[in-house]
Amino acid sequence: MPEERPYDYRAVERAWQERWERDGIYVARDDDPRPKYYVLEMLPYPSGDLHVGHAKNYTLGDAVARIHRMRGYNVVHPMGWDAFGLPAENAAIQRGIDPETWTLENIRNMQRQVRLMGTSYDWTRELATSLPDYYRWNQWFFVRMFERGLAYKREAPVNWCPVDRTVLANEQVENGKCWRCGAAVERRNLAQWFLKITDYVERLLRGLDRLDGWPERIKTMQRNWIGKSEGVTFSLDVENVEAQIEVFTTRIDTVFGMTFVAVAPEHPVVAKILERMPKSRKRVEEFADSLKSKSELERTQLMEKTGVPTGAYAINPLSRERVPIWVTNYVLAEYGTGAVMGVPAHDERDFDFAKKHALPIAQVITTPDGTLRAPLEAAYVENGKLIASGEYIGMKSANARRAIAARLEAMGRGKTTVSYRIRDWLVSRQRYWGTPIPMVYCEHDGIVPVPDEQLPVLLPKGVKFTGQGSPLANDPSFSNTTCPRCGGAAIRDPDTMDTFVDSSWYFARYLDPKNTEKPFDHAKASRWMPVDQYIGGAEHAVLHLLYARFWTMFMVDSGMLSGDDEPFTRLFNQGLLIYNGEKMSKSKGNVVGIDETVDRFGVDAMRLFLLKAAPPEDTLDWTDEGIIGRVRFVQRVWRAAEPLTGVARTVPLDRLPELRGDAQRELVRALHVALDSGKSETETRRFHYNVTTAKLDELVNQLTAALREPGAADDPAVRYAVHALPIVLAPFAPHLADELWSRMGYERSVHLERWIDPDPAALAVGEITLVVQVNGKVRARIQTPPGIAEDDAFALAMREPTVLAQIDGKQVRKRIFVADKLLNIVAA
RNA sequence: CGGCGAGUGGUGAAAUUGGCAACCACGCCCGCCUCAGAAGCGGGUGCGCGAAAGCGUUUGUCGGUUCAAGUCCGACCUCGCCGACCA
């Protein structure tokens, strides 16, 4: 028995991390002729400490990066920090810590922890978005967008979060609540900066059709968010009032069923009506005021549909009927035209509203068979056949839509239009810890961008955080400046940019992170872009992933970048990591830290567990028991392979070894099965390394069994398997792999070796198990060499007692033979 | 309310095109080794009947297609995620 030398993961793992860093083996070169592969995990916010939930994400990305490197790609795998944001500023308000200090300390700690996980990042490309080196280019981009009319300032009703004390983009309001703190969002009219993402809607939609490597779910969410709908906009005259109301509808075929018109309280026509209808003024204004005091959440989610009549009537241009105009709470001023035709019979909302206010319900669509007739129990919203619709009676909905649209157009009253739900991206934030908006306001010249040579506009240091008002607006040394155009007194924009600006182009900055002349060099970025594999959670489906697509289109349009205007060719959504039934997070207090986990079990064991426990897209339950199995695996590999490291190299890897018997064949086969699994899980982009690690278990089980045989150390198959073991382990247990490899006498890291291509000869099996079924049920298994003929198989099957017992007294009606798999005998 | 996804042993899970359900691991049981075992090695483990051979049965429920269904089709149930007054 050889002396027990347990594997000291603590010492080994640390030593290899230091050596990889010293040798720079993960540094990607721009001039490397091999095909490029850009793999990226969404950049983290430096919140303080990493936990094993982060490790799940980075371990997968790292395995993908490592296996691609070994399969002959020039891999770039960078890491950085999404360093601006509210938590830093809240720490400043609550604990008096400077946001920059807080952030940089967190980054330092997390850098250490990311290295501790043995990840193969190219640290020469590291960036932090809160550094002036980075955010000056946010400002530069902003000015470029301003020049092209894509950044503009306007007063508009915006979402205001009273807790975070800032405005929010529409994308950052979830169910009427702030995406970050959950507070009910309020409506305010404020002058704010917007980026004109709506100019790109059609491209953002069309681009999705090409993104075959994206989950369908994410694409659907983006399509729904963009919310394209095609319909008709037409105008109605208002009786006795010098005004028209424009309404947008996707169901112009139901226009004869209009029994009222509903408008938002903010709609301009309301004021005009009230001039002529003074009796309604009190009622309408009280109603509007009652809505104003409500948050957006209450107004849209919790309140039932209600409204008041304005006293005015609109004329249906087709039926010439007069219908009352109501001010309601359920029509949104910001969508469509802020007014809708009320068709209770064929729209659920209108139906509810009509029921509540006793408005007539006029059915104009029936089922294709014509059986559906009033009174309706509920709105009939399907397409169907028109009734009670003048000359259009009997038409199908789709045809009627075309005919009525054409008629309205001929009357000069309407046209087909396309409406989108997406709004321009509101980027101003009334907070300190972000990129200052590089604009100044001059009495003489108005809004003036800061010239490029004066960028960056630096965040002032030593600012006081009171939690009241914008820190930049309160700081005269920041606010007061001179106009770049006339030299007169001017004030700076007091706001900072949404931090989603930072993450909208960082993937391009990684490709030229030290550039001081421009955001990045055209050739360098174009060489590596787009990202081949992007990895991250699904929570950014309509935030970061939409903004980054928009930004990339802008970069391509402005000539900064060549090639695809989609930044991420493939997107992989990692599943959550759950602990004690909840998502692991600091705020929930259910965090399993990286430091303690690595210390207790070792990095390789942790990585192997995170990969093995479930497919990467699945939710993973963290348990301490599961990882014990991987600790055992690491030790088992060590005990099996380490004693043979001195002799393993005597059997080369560039061809199969001589195989003396079935046991040898099975061992070599297990190795090639594992190689094959790693290859195919990577090529199919399933990344189900949980399967590949199971094959590694089988390989090591085979090896352990082989080593029990006398003379195993001299067996070429055993030596070959041990020699190849570090290669197949490398992407998953990189430290263990390199330690074994170096003990075999190699100077160069195993991570610079080529993955061995699985050999069909090694994968072939000596004997197959032919399943014999009678009437679809397994009755026997026959061991036979592959390629057995049907008749021979049948003859063998008819010698099996268990088969004969089933056929006894019956006639064989049919035989189904699947070569090398199965013989099904149908008997009756 | 709508969209999408998922339901397989005690647990995490596996299963090219429909072709042996449950690889691998955790847990549990038995044995070996041991002063000792939260170490290591070996064996067993879906459920039911049986000493065994074997027989029956099993992928949320019900039905269908097929020689053959976890996989395809239809209806339903449950859970999860996401979106929800968008005209």
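Owing to the predicted nature of the structure, the values given are computational and were not obtained by experimental measurement.
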Inset, instruction - Classify the nucleic acid contact of A:Arg636 as base, sugar-phosphate or nothing, counting any heavy atom under 4.0 Å across all strands shown. - result: sugar-phosphate
Inset, instruction - Quick one: label A:Asn690 by what it contacts on the DNA or RNA (base, sugar-phosphate, nothing), any heavy atom closer than 4.0 Å. - result: sugar-phosphate
Legend entry - Donor on one side chain, acceptor on other, A:Glu617 and A:His688, under 3.5 Å: yes
Inset, instruction - May I ask you to verify whether the side chain of A:Lys814 and the base of B:C67 hold a donor-acceptor pair under 3.5 Å? - result: no
Inset, instruction - Find the distance A:Arg630:CZ to B:G12:P and express it as a whole number of Å. - result: 17 Å
Inset, instruction - Provide the distance between the two P atoms, one in B:G40 and one in B:C55, to the nearest whole Å. - result: 39 Å
Inset, instruction - Establish, yes or no, whether the cationic atom of A:Arg630 lies under 6.0 Å from the six-membered ring centre of A:Phe601 and within 45° of the ring axis. - result: no
Inset, instruction - Establish, with yes or no, whether the OP1 or OP2 oxygen of B:C67 is under 4.0 angstrom from a side-chain nitrogen or oxygen of A:Lys777. - result: no
Inset, instruction - Quote, to the nearest angstrom, the C1' distance that separates B:A21 from B:A68. - result: 14 Å
Inset, instruction - Taking atom P in both B:C47 and B:G10, compute the distance separating them and give it to the nearest angstrom. - result: 7 Å
Inset, instruction - Name the nucleic acid region contacted by A:Thr623, choosing base, sugar-phosphate or nothing; use a 4.0 angstrom heavy-atom cut-off, strictly under. - result: nothing
Legend entry - Pair A:Asp350, A:Tyr330: side-chain N/O donor-acceptor within cut-off below 3.5 Å: yes
Inset, instruction - Compare the minimum distances between each of B:A87, B:C4, B:G19 and the side chain of A:Arg217, then state the nucleotide with the smallest one. - result: B:C4
Inset, instruction - Indicate, with a heavy-atom threshold strictly under 4.0 Å, whether A:Val247 touches base, sugar-phosphate, or nothing. - result: nothing
Legend entry - Proximal nucleotide (of B:A15, B:G56, B:G42) relative to the A:Arg779 side chain: B:G56
Inset, instruction - Using Watson-Crick or G-U wobble pairs with both distances under 3.5 Å, give me RNA chain B in dot-bracket, 5' to 3', with [ ] for crossers and | for pairs to another strand. - result: (((((((..(((......[....)))((((((.......))))))((((....))))..(((((..]....))))))))))))....
Legend entry - Which nucleotide in B:C85, B:A21, B:A87 has an atom nearest any side-chain atom of A:Val778: B:A21
Legend entry - Of the listed nucleotides B:C85, B:C55, B:C24, the one nearest the side chain of A:Asp697: B:C24
Inset, instruction - Using only side-chain N and O atoms of A:Arg639, determine if any of them is under 4.0 Å from OP1 or OP2 of B:C41. - result: yes
Inset, instruction - For B:A84, take OP1 and OP2 only and decide whether either is under 4.0 Å from a side-chain N or O of A:Arg421. - result: yes
Inset, instruction - Starting at atom CD of A:Glu800, determine the distance to atom C1' of B:A53, rounded to an integer number of angstrom. - result: 14 Å
Legend entry - Distance-only side-chain donor-acceptor flag, A:Gln783 / A:Thr769, under 3.5 Å: yes
Inset, instruction - Using the ring of A:Phe633 (Phe, Tyr or Trp, six-membered ring only), decide whether A:Arg636 places NZ or CZ under 6.0 Å from its centre and within 45 degrees of its axis. - result: no
Legend entry - Any donor-acceptor N/O pair under 3.5 Å between B:U16 base and A:Lys821 side chain: no
Legend entry - Check: A:Asn775/A:Arg813 side-chain N/O donor and acceptor closer than 3.5 Å: no
Inset, instruction - Select base, sugar-phosphate, or nothing to describe what A:Gln806 touches, counting heavy atoms under 4.0 Å on all strands. - result: sugar-phosphate
Legend entry - Separation of atom CD1 in A:Ile627 from atom P in B:G12, rounded to whole Å: 18 Å
Inset, instruction - Assign A:Gly227 to base, sugar-phosphate, or nothing according to its heavy-atom contacts below 4.0 angstrom with the strands shown. - result: nothing
Inset, instruction - Take atom P in B:U11 and the same atom in B:G46, then report the distance between them in whole Å. - result: 14 Å
Legend entry - Interatomic distance, A:Arg632 CZ vs B:A25 P [rounded to whole Å]: 10 Å
Inset, instruction - With C1' as the reference atom in both, quote the distance from B:A15 to B:A22 in angstrom, rounded to an integer. - result: 8 Å
Inset, instruction - Among the candidates B:G19, B:A14, B:G42, find the nucleotide nearest to the side-chain atoms of A:Pro615. - result: B:A14
Inset, instruction - Provide the distance between the two C1' atoms, one in B:G18 and one in B:G70, to the nearest whole Å. - result: 11 Å
Inset, instruction - Answer syn or anti for B:G9, where the cut-off is 90° from 0 on the glycosidic torsion. - result: syn
Inset, instruction - Report the distance from atom CG of A:Asp820 to atom P of B:C20, rounded to the nearest whole Å. - result: 14 Å
Inset, instruction - In whole angstrom, give the distance that lies between atom CZ of A:Arg708 and atom C1' of B:G43. - result: 11 Å
Inset, instruction - With C1' as the reference atom in both, quote the distance from B:C30 to B:C81 in angstrom, rounded to an integer. - result: 44 Å
Inset, instruction - Scan A:Arg223 against the nucleic acid and name what it touches under 4.0 Å (heavy atoms): base, sugar-phosphate only, or nothing. - result: nothing
Inset, instruction - Look at the side-chain N and O atoms of A:Asn824 and state whether any lies under 4.0 Å from the OP1 or OP2 oxygen of B:C20. - result: no
Inset, instruction - Go through B:A87, B:G19, B:C24 for me and flag the one nearest to the A:Val818 side chain. - result: B:G19
Legend entry - Residues A:Glu790, A:Arg815; criterion salt bridge (charged side-chain N to carboxylate O under 4.0 Å, His left out); working and verdict: CA-CA 9 Å; A:Glu790 176 174 347; A:Arg815 307 190 317 214; 3.3 Å; yes
Inset, instruction - Say whether A:Tyr380 and A:Thr254, considering side chains only, have a donor N or O and an acceptor N or O under 3.5 Å apart. - result: no
Inset, instruction - For A:Ile218 and B:G83, give me the distance from atom CD1 to atom C1', rounded to whole Å. - result: 12 Å
Legend entry - Under 4.0 angstrom between A:Ser229 side-chain N/O and B:A87 OP1 or OP2: yes
Legend entry - Pair A:Tyr547, A:Glu171: side-chain N/O donor-acceptor within cut-off below 3.5 Å: yes
Inset, instruction - Please work out if A:Gln773 contacts a base, only the sugar-phosphate, or nothing of the nucleic acid, heavy-atom cut-off 4.0 Å. - result: base
Inset, instruction - Measure from the side chain of A:Ala614, starting at C-beta and using heavy atoms only, and say which of B:G12, B:A87, B:C55 lies closest. - result: B:G12
Inset, instruction - Would you indicate what A:Asp350 reaches in the nucleic acid, counting non-hydrogen atoms under 4.0 angstrom: base, sugar-phosphate, or nothing? - result: nothing
Legend entry - Pair A:Thr306-A:Asn329, side-chain donor/acceptor within less than 3.5 Å: no
Inset, instruction - Using the C1' atom as the reference point in each nucleotide, state the distance between B:U65 and B:U71 in Å, no decimals. - result: 14 Å
Legend entry - Ionic contact status for A:Arg669 with A:Asp676, cut-off 4.0 Å: no
Legend entry - A:Arg686 CZ - B:A14 P separation (whole Å): 8 Å
Inset, instruction - Would you mind telling me which of B:A87, B:C67, B:C24 lies closest to the side-chain atoms of A:Thr249? - result: B:A87
Inset, instruction - Looking only at side-chain atoms of A:Val826, point me to the closest of B:C23, B:C67, B:A87. - result: B:C67
